[in-house]
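Working notes, beginning with the structure itself.
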Amino acid sequence: MTVDPKDGAVSPTPAEKAKVAKAAAAEAARVAAEAAQAAEDAEREALAAESAAAQGAATPPVASGVAAEIAAGYSSEGRALELGSIVVDGVADPAARVRIPLATVNRHGLIAGATGTGKTKTLQGIAEQLSAAGVPVVMADVKGDLSGLSTAGESNDKITARAIETGDDSWTPSGMPVEFLSLGTGGIGIPVRATITSFGPILLSKVLGLNETQESTLGLIFHWADTQGLALLDLKDLRSVIAHLTSAEGKADLKGIGGVSTATAGVILRSLVNLEADGGDTFFGEPELETEDLLRVVGGAGVITLFELGAQATRPAMFSTFLMWVLADLFQTLPEEGDLEKPKLVFIFDEAHLLFADASKAFLQQVEQTVKLIRSKGVGVFFCTQLPTDIPNSVLSQLGARVQHALRAFTPDDQKALNKTVRTYPKTEHYDLEKALTSLGTGEAIVTVLSEKGAPTPVAWTKIRPPRSLMDTIGNDAITAAAASSPLHQKYGQTIDRESAYERLTAKVAGAPTADPSLDLPPLPDLSQFPPPPPVEPEGPNIAEQILGNSAVKSFLKSAASAAGREISRSIFGTGSRRRR
């Protein structure tokens with residue numbers, strides 16, 4: 001170090017300057033390295049954030065305002081069906097979800113709306129979510145556009161955008177296990193049948209379009225056949241019974257029934273002939289559908305059973321009435337379950353107005369009783385129709401979930417139906433329901449359901465989620481192929497015609513069969529060649545013989561044996577009871 005002669009300051013030596021410069025360079029290098037590392041980390045975080053957003057892993061949005069207030073009523077601790085997102089002032093909030101708790105699905109529901117408002121796609125979305133939750137579903141595919149449930153859907157920008165709007169960020173195409181069944185042997189699915197005996201007089205009267213007097217007469221005819229041990233398996237069995245009762249030989253039997261006129265019996269007979277001409281003979285018969293085949297789960301997914309009309313297209317009322325028979329059979333065979341975490345089975349009645357149109361008082365009473373009581377057996381029922389007024393008030397009051405698509409008010413009757421619909425919803429300060437119900441877009445609905453606590457949820461204008469399965473038919477060829485490969489086809493594919501009322505009554509009219517001439521029977525011995533046996537001293541009857549010989553006791557035992565051994569017991573709808581499952 002040197003001293004400057006001017007001010008006496010000490011100047012650093014070149015070595016010291018080099019050392020300071022070296023230290024400054026090292027510090028600069030360290031700062032530059034840290035800056036480079038920070039930039040690299042920031043870039044990596046940015047890329048990770050973009051990747052997470054692309055995969056739907058970003059932080060979910062939080063509902064706010066009115067949508068959050070409504071959505072709070074749809075919160076669920078257990079599993080639930082996701083219907084869609086809440087709409088307020090025309091904007092859907094993806095974070096505000098509308099859902100139906102699985103535990104309340106057996107409180108039944110209604111899906112209504114005018115043609116083209118999206119009811120079928122709502123049904124499709126509900127069915128596939130139930131299936132994914134392990135719940136079997138039974139549906140009527142009246143228009144043939146639900147077969148797409150068996151095939152994964154097709155993604156496009158419109159569906160993706162709707163899925164995001166309705167909170168389904170993870171939407172992926174997927175299909176469900178589906179069985180295709182047809183009523184009778186004239187369809188493209190697996191043929192299913194029911195016997196006349198098990199169908200019962202009330203349901204058959206609904207199919208035949210009989211009035212209450214004729215329905216009562218048919219019930220008496222069933223009763224006579226049951227007490228005679230005559231199995232009514234198909235239409236020709238019932239025709240033969242009615243023909244016998246109206247014949248000269250059967251007059252005594254007809255008189256014994258009481259209250260049956262030959263004219264009324266003739267009307268019923270003509271209705272049967274018309275039903276047979278319309279293809280009804282392909283539906284009634286054996287093998288009969290065993291309803292436990294509707295309760296299957298495959299690979300953890302509930303099987304969706306689709307029924308198509310087949311040869312019954314000219315009688316659509318047969319469709320819904322048949323489903324009611326299936327429901328009645330389940331009602332009398334399934335055990336009581338109480339409240340379950342999820343239903344054992346869900347029935348969806350599409351075109352439900354066909355079930356109630358021109359129905360007798362007895363039929364409506366039985367439907368009401370079935371819907372009211374089958375809840376405790378773990379079965380949920382959803383009715384789908386255009387107007388809520390299509391459903392009788394006694395049944396409508398049993399439906400806990402309401403999904404109402406747009407209504408039209410073009411006529412005074414439409415306006416009246418709209419006013420009635422508005423009055424059935426809980427009060428809401430967020431929507432003008434009368435205006436909302438006529439301005440809903442396709443795939444939107446006004447919803448209220450039962451919460452897990454059993455209370456109605458707030459009214460929600462809901463944008464419905466898109467189904468993940470194909471929103472179109474898969475075609476008749478694909479349906480036929482799927483039905484042919486099903487294990488149920490081996491069980492129900494071939495018609496069975498065993499001995500029943502027709503054969504027994506035909507044999508009775510024809511008389512006793514003659515001996516077969518091919519049999520080489522020995523001649524009977526000539527009894528005149530043998531001496532007569534010695535007379536037997538008569539002995540008084542013992543006490544048991546005296547009792548059994550009494551005419552009143554004989555009559556009682558004969559009646560009891562007939563009732564115990566031959567008469568068919570009947571349950572709801574007058575259906576023939578079967579074994580308990």
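Here R99 pairs with E82 in a salt bridge; the nearest charged N to carboxylate O distance falls below 4.0 Å. One finds a salt bridge joining R498 and E286 here, because a Lys/Arg side-chain nitrogen approaches an Asp/Glu carboxylate oxygen to under 4.0 Å. In this structure, D145 does not pair ionically with K121, as no charged nitrogen and carboxylate oxygen lie closer than 4.0 Å.
With sequence neighbours excluded, the residues that form a side-chain contact (heavy atoms from CB on, under 4.5 Å) with Q366 are I202, Q369, I572, F573. With sequence neighbours left out, W171 forms a ring-ring contact (aromatic ring centres under 6.0 Å, His included) with no residue at all. Evaluation of the salt bridge (charged side-chain N to carboxylate O under 4.0 Å, His left out) rule for R107 yields D339 as partners, not counting sequence neighbours. Residues forming a side-chain hydrogen bond (donor to acceptor under 3.5 Å, both in side chains) with Q398 (at least two apart in sequence, or on another chain): none. Applying the salt bridge (charged side-chain N to carboxylate O under 4.0 Å, His left out) test to E128 and every residue at least two apart in sequence or in another chain returns nothing. Residues satisfying the ring-ring contact (aromatic ring centres under 6.0 Å, His included) test with F347, not counting sequence neighbours, are F349. Judged as a salt bridge (charged side-chain N to carboxylate O under 4.0 Å, His left out), and not counting sequence neighbours, E154 has no contacts. Under the side-chain hydrogen bond (donor to acceptor under 3.5 Å, both in side chains) criterion, S76 pairs with E452, not counting sequence neighbours. By the side-chain hydrogen bond (donor to acceptor under 3.5 Å, both in side chains) test, R465 pairs with no residue at all, sequence neighbours left out. With sequence neighbours excluded, the residues satisfying side-chain hydrogen bond (donor to acceptor under 3.5 Å, both in side chains) with T115 are Q386.
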Please list every donor-acceptor pair under 3.5 Å in which a side-chain atom of residues 353-363 meets a protein atom from a residue at least two apart or in another chain.
residue: S360; atom: OG; partner: E215; partner atom: OE1; Å: 2.8
residue: S360; atom: OG; partner: F363; partner atom: N; Å: 3.2

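For F322 and F283, the gap between ring centers is short of 6.0 Å.
No side-chain donor-acceptor contact under 3.5 Å links T264 and T217.
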Assess the residue pair R375 and H108 against the criterion (side chain to side chain contact (heavy atoms under 4.5 Å, CB included)); give the C-alpha distance rounded to whole Å, side-chain angles, the decisive distance to 0.1 Å, and a yes or no. CA-CA 8 Å; R375 176 192 67 80; H108 317 313; 4.0 Å; yes
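Here salt bridge (Lys or Arg N to Asp or Glu O under 4.0 Å) pairs that include residues 467-481, with residues two or more places apart or in two chains, are D168-R468.
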